[in-house]
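Take a look at the structure set out below.
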Amino acid sequence: MPEWMSIRDTKHKIDNLSAEEVTSSYLDTIEKSSINAFTNINKKAIEDAKYYDKNQSDLPLAGVPISIKDNISTKGIPTTCSSRMLENYIPPFNAHVIEKLYEAGAIIIGKTNMDEFAMGGSTETCCGGTTFNPWDTSRVPGGSSGGSAAALAAGESPISLGSDTGGSVRSPASYCGVVAMKPTYGTISRYGLISYSNSLEQIGPMATCVEDIAHIMDVIAGYDNRDSTSIKRDINYSDAIINDSEGMKIGVPTELISDGINPKVEKIVWDAIHKMEDLGAIWKEVSLPTTKYALPAYYILAMSDASSNLARFDGTRYGLRVEGNNWHVMASKTRAQGFGDEVKRRILLGTYALSAGYHDKYYVKALKVRTLVKNDFDRAFNDVDVLMGPTMADIAFKVGEKIEDPLSIYMTDINNVPVNLAGVPSMSIPCGFADKMPVGLQIIGNTFDESSILRCAYTFEQNTNHHRKRPDGVN
Amino acid sequence: MSYSNTDGIMIGLEIHVQLNRLKTKMFCGCSTQYHSSPPNTHVCPVCLGLPGALPVINQKAVESAMKVGLALNCEIVEQTQFHRKNYYYPDLPKGYQVSQFDYPIVSNGKVAIEGEDGELVIRIRRAHMEEDPGKLIHMGSIDKSKGTLIDYNRSGMALLEIVTEPDIRSPKEARRFLDKLRNILEYLDVFDSDLEGAMRVDANISLQGGDRTEIKNISSHKGAERALLYEIMRQKNLLRRGEIVTMETRHFDEARGVTTSMRSKEEEHDYRYFPEPDLVPLRVKDRTEKLLQELPELPDAKKERLISQYSISDMHAKALVSNLKIANFYEEVASEVNPKVAATWIADVLKGELNYRDLTIDACKVEDIVQLVTMIMENKITDRSAVEVIRTLLDSGGNCMEIVEKKGLVKVEDNVVEQAVDDVLGENKNAINDYLNGKEQSLNFLVGQVMKKTRGRADPMIVRDIIANRIK
């Protein structure tokens with residue numbers, strides 16, 4: 001039976017069996033699974049595992065399988081962004097994080113499904129079909145890193161990497177009952193991450209426990225001179241794994257507990273905050289007044305970036321090509337057939353927002369909102385160590401329920417996008433269940449203060465049992 | 001002399017300069033030395049625009065751009081920023097060009113050139129950095145092409161686009177400005193004009209009473225002058241007939257020497273500029289002091305120094321400094337022989353012979369010219385022989401002394417000349433009489449006869465004096 005394993009558990013199992021057997025049992029689980037969490041399997045995974053069996057090492061992730069969101073470039077392994085456009089694209093180079101994982105001894109087990117080009121919140125806009133939520137396969141896993149979260153929840157890989165542009169690791173972590181962190185902007189090199197919105201996104205670790213998030217961060221975070229937005233900082237994340245939040249100051253932003261929140265979710269989140277109080281933390285209400293403008297500002301900026309980032313997919317050099325009698329026709333046909341509806345919608349809206357006459361009205365204004373949102377967070381962190389609230393206002397919705405109404409999906413990330421606008425770090429951890437579906441607690445930290453988040457999250461996790469529950473059929 | 005500019009010609013130039021003396025491209029580590037390499041061999045994920053690849057600013061390119069700015073008397077911006085210029089074209093691998101928009105690296109400069117009526121100051125509006133696209137190679141002619149190949153070796157090369165104010169008033173001034181600019185860029189060692197695609201020019205031109213047109217992608221200075229001459233004629237004809245000159249972009253057909261319409265104002269691209277989110281704004285102004293100190297002596301300063309240090313004429317100094325290698329060559333020669341004579345021979349003779357053969361000064365050795373000038377100074381060869389030595393050096397190589405000996409160009413001794421004059425005068429009584437009767441040409445005949453007897457090694461001016469003295 002598939003099981004949830006931490007890095008520690010996995011290494012223990014490798015010691016008792018072998019990396020080959022552990023990897024092969026994951027591949028077996030993936031093979032038999034019907035949740036469609038993966039786009040491609042690494043054909044060399046077993047070979048890599050055998051190598052680690054022969055060369056026993058004490059590397060931090062020696063022999064540990066990891067799944068990778070399909071927008072992170074893996075040399076020799078297809079990297080499709082779940083798009084027809086890149087169905088046959090095999091990168092000739094590794095992303096910075098992939099290099100780091102290999103150096104740490106990890107085994108790339110496969111690539112996980114996602115909303116096409118990371119544009120979506122349900123992992124339904126994928127060329128290879130929807131990923132289903134392991135807790136209830138009639139529901140979505142969240143997104144866009146839904147494949148990664150579902151793979152963890154279904155015991156198909158112990159750890160995973162996703163990416164978060166506007167909640168894309170936190171939304172699926174919340175819906176699938178796992179842990180994920182979006183670090184401070186600049187903490188993890190984006191080199192090799194296929195861009196959706198460059199100034200908003202970060203690669204984020206995903207796992208079944210808080211400690212693993214810190215371990216993965218220790219492997220993948222750090223300065224990379226190939227990413228000009230990468231920042232030099234020397235932090236040991238595992239040092240923040242402390243089961244003690246005595247005296248920590250928690251702010252609860254009233255705006256994050258919005259009118260549209262599911263009352264069961266609201267209660268679970270307040271219970272979590274009170275639990276932290278029982279554990280010695282102090283909480284108070286704070287306000288992030290500008291966050292009500294964050295969602296439109298976020299979408300204008302993200303779509304503007306996207307319209308430009310996705311211009312390179314024209315059928316000329318790689319990926320899909322639909323022939324035409326001249327270059328422009330070829331490029332148009334390729335883009336018409338290669339991109340799905342949601343991607344086209346965002347390219348069109350982004351192009352519109354950047355066009356002469358609208359640029360100041362939309363793009364420039366959105367940048368101003370972004371500054372105000374950042375100021376809100378700065379002000380809040382003058383008084384508190386972390387902010388807490390629900391990651392998502394509701395539990396996972398049904399497959400197909402919102403797909404015809406894009407705005408309703410955009411709205412689900414309302415608590416996530418302010419974090420990306422501000423560039424601050426944030427984590428989602430399981431904090432309870434509503435209607436048998438997981439609910440995520442969002443813990444937001446000040447810029448570069450992942451340590452406070454990890455400490456709070458670890459304390460909460462070690463003193464609660466929410467993370468011990470599993471979907472049916474998973475140990 | 002004053003220039004009236006009766007047509008109200010206003011010309012502004014946009015010059016794209018490839019900073020091809022850099023070792024690596026603008027945003028990646030690929031080598032810039034691709035000019036003799038097979039296609040698509042100087043490429044990487046970044047300059048091919050592969051998904052996930054990110055640009056990193058080449059700091060040397062930034063400093064080269066700043067040096068150009070300082071040489072053009074520009075202001076350096078506090079903090080510079082890159083923007084994306086979005087448009088689709090197969091040579092543009094990302095579907096956008098990383099360029100600059102409202103924070104160009106340098107702006108508000110000026111350059112003095114020799115205008116139609118004395119010194120003319122051309123204001124520089126701005127200069128900004130950007131990346132070069134790849135290169136399209138059409139198989140067969142452009143209209144009947146079987147296909148198009150793309151070479152991305154050029155993709156990502158650092159470009160500097162220099163934009164002037166519309167201060168230029170004639171095609172000749174445009175060409176002089178371009179020559180001056182090229183000269184300055186070569187002095188700065190940021191640019192090698194001999195490489196293909198090193199400098200491309202767009203010219204904006206309007207006449208009194210008409211709108212402005214832009215002529216795109218002119219590849220030579222001569223081409224710029226011709227394109228502008230044609231465009232002035234075209235616009236003048238339109239205006240004379242009472243028609244209007246519309247704002248449009250035109251293409252210069254180098255082969256036919258004409259400009260043709262490419263697109264009208266309505267069809268202009270909306271490039272949807274926005275800040276390049278993969279690059280952070282760059283503080284640059286604090287490097288100004290360091291770069292000012294690294295700035296070499298520029299053409300105008302060198303000209304003034306040559307005039308005062310070597311007492312040479314303004315005209316010679318100008319000719320020498322218009323090519324840095326020639327100026328350096330001259331100074332090496334001048335350190336060993338009479339600088340004035342050296343200037344005459346290098347600026348008036350050698351430079352012309354090089355141009356005629358499309359050679360650079362590298363074809364010539366300092367020691368040869370030193371020897372040559374020495375022989376001229378010591379009266380050992382005639383001017384005519386000296387020219388022959390230079391031509392032979394350039395055409396067939398060898399060294400100066402060998403050529404002089406092999407060709408028997410050493411000037412004959414005076415007594416040999418005297419003897420020859422005696423002989424000729426003895427043999428040509430009629431000619432002497434003709435001369436004495438006022439027939440000037442007879443003297444030329446006699447000189448010719450002496451030259452024949454001395455096999456051309458006598459100095460004809462001296463021979464002339466001797467004969468004239470003897471028979472007067």
Side-chain angles (χ1 to χ4, degrees), chain A residues 71-73 79 81 85-86 89 91-96 117 186 189-195 197-200 224-230 301 304-305 307-319 326-328 330-332 335 350-359 363-364 367, chain B residues 27-29 40 43-59 81-98 101-102 133-134 136 138 142-143 145 147-152 155 268-282:
Chain A
N71 60 352
I72 298 173
S73 302
T79 300
C81 290
M85 186 62 89
L86 290 178
Y89 173 63
F93 67 101
N94 277 323
H96 176 79
F117 283 104
S189 168
R190 290 183 296 113
Y191 191 80
L193 170 68
I194 299 182
S195 300
S197 181
N198 327 47
S199 69
L200 295 165
D224 173 19
N225 62 12
R226 294 169 299 183
D227 174 0
S228 306
T229 62
S230 158
L301 295 176
S304 297
D305 279 356
S307 71
S308 172
N309 286 329
L310 271 61
R312 70 188 65 197
F313 303 111
D314 57 14
T316 306
R317 291 157 298 273
Y318 48 81
N326 67 44
W327 185 82
H328 289 275
M330 182 273 284
S332 300
R335 291 170 68 78
T351 304
Y352 180 82
L354 286 176
S355 294
Y358 301 101
H359 187 274
Y363 186 80
V364 173
L367 284 179
Chain B
F27 298 115
C28 64
N40 298 311
V43 291
C44 72
V46 176
C47 59
L48 281 177
L50 292 188
L54 299 173
V56 176
I57 298 170
N58 178 345
Q59 297 295 334
Q81 192 175 22
F82 288 90
H83 273 63
R84 288 187 184 178
K85 179 179 180 179
N86 295 285
Y87 67 95
Y88 287 98
Y89 211 63
D91 62 7
L92 197 64
K94 297 188 293 292
Y96 59 83
Q97 180 189 31
V98 181
F101 187 57
D102 45 5
L136 299 181
H138 301 285
I142 191 159
D143 45 338
S145 178
T148 302
L149 302 171
I150 315 176
D151 178 6
Y152 289 107
S155 173
E268 283 295 318
H269 294 294
D270 175 1
Y271 290 116
R272 305 191 309 278
Y273 281 98
F274 75 103
E276 164 58 286
D278 287 328
L279 297 170
V280 289
L282 188 67

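When all heavy atoms are compared, the tightest approach of A:S73 to B:P51 is OG-O, 3.8 Å. For A:S355 against B:D270, the heavy-atom pair with the smallest separation is CA-OD2, 3.3 Å. Closest approach of A:T229 and B:P277 over heavy atoms only: CG2-O, 3.8 Å. Minimum interatomic distance between B:A53 and A:F93 (heavy atoms only, all atoms of both residues): N-CZ, 4.1 Å.
Contact annotation for B:I150: only side-chain heavy atoms (C-beta onward) come within less than 4.5 Å of a heavy atom of chain A. When heavy atoms are compared at a cutoff of 4.5 Å, A:N309 approaches chain B by way of both its backbone and its side chain. If you measure heavy-atom distances from A:T79 to chain B, you find no contacts under 4.5 Å at all. Contacts between A:F313 and chain B at a heavy-atom distance below 4.5 Å involve the side chain alone, from C-beta outward. Proximity to chain B involves both the backbone and the side chain of A:A356, based on heavy atoms less than 4.5 angstrom apart. In this structure, chain B has heavy atoms under 4.5 Å from both the backbone and the side chain of A:S308.
When B:C28, B:P90, B:C44, B:G147 are compared by the number of non-hydrogen pairs under 4.5 Å with chain A, B:P90 comes out ahead. Highest contact tally toward chain B, considering only A:D227, A:V364, A:D305, is held by A:D305 [criterion: heavy-atom pairs under 4.5 Å]. Of all the listed residues (B:L48, B:L54, B:N86, B:L92), the one sharing the greatest number of non-hydrogen pairs under 4.5 Å with chain A is B:L54. In terms of heavy-atom pairs under 4.5 angstrom with chain A, the leader among B:Y273, B:Y152, B:Y271 is B:Y152. Ranking A:N326, A:T351, A:N225, A:L367 against chain B, the residue ahead of the rest is A:T351, based on heavy-atom pairs under 4.5 Å.
The ring pair (Phe, Tyr, Trp, His ring centres under 6.0 Å) test applied to B:F274 returns A:Y363, not counting sequence neighbours.
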Q: Would you check, one step at a time, whether the test side-chain contact (heavy atoms from CB on, under 4.5 Å) holds for A:R190 with B:D278?
A: CA-CA 9 Å; A:R190 290 183 296 113; B:D278 287 328; 3.0 Å; yes
Q: Evaluate side-chain contact (heavy atoms from CB on, under 4.5 Å) for A:Y89 paired with B:L50, printing each intermediate quantity in order.
A: CA-CA 10 Å; A:Y89 173 63; B:L50 292 188; 4.0 Å; yes
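Interatomic distance, CZ of A:R317 versus CG of B:N40, reported as 11.0 Å (0.5 Å rounding). The OG atom of A:S195 sits 11.5 Å away from atom NZ of B:K94, with the distance rounded to the nearest 0.5 Å. Atoms CG and CZ, from A:N198 and B:R84 in turn, are 5.0 Å apart once rounded to the nearest 0.5 Å.
Judged purely by atom type and a 3.5 angstrom limit, A:T316 has no side-chain atom pairing as donor or acceptor with the backbone of B:P93.
Just one of A:H328, A:R312, A:R335 meets the side-chain hydrogen bond (donor to acceptor under 3.5 Å, both in side chains) condition when paired with B:Y88; it is A:R335.
A heavy-atom distance below 4.5 Å is found between the side chains of A:Y191 and B:V46.
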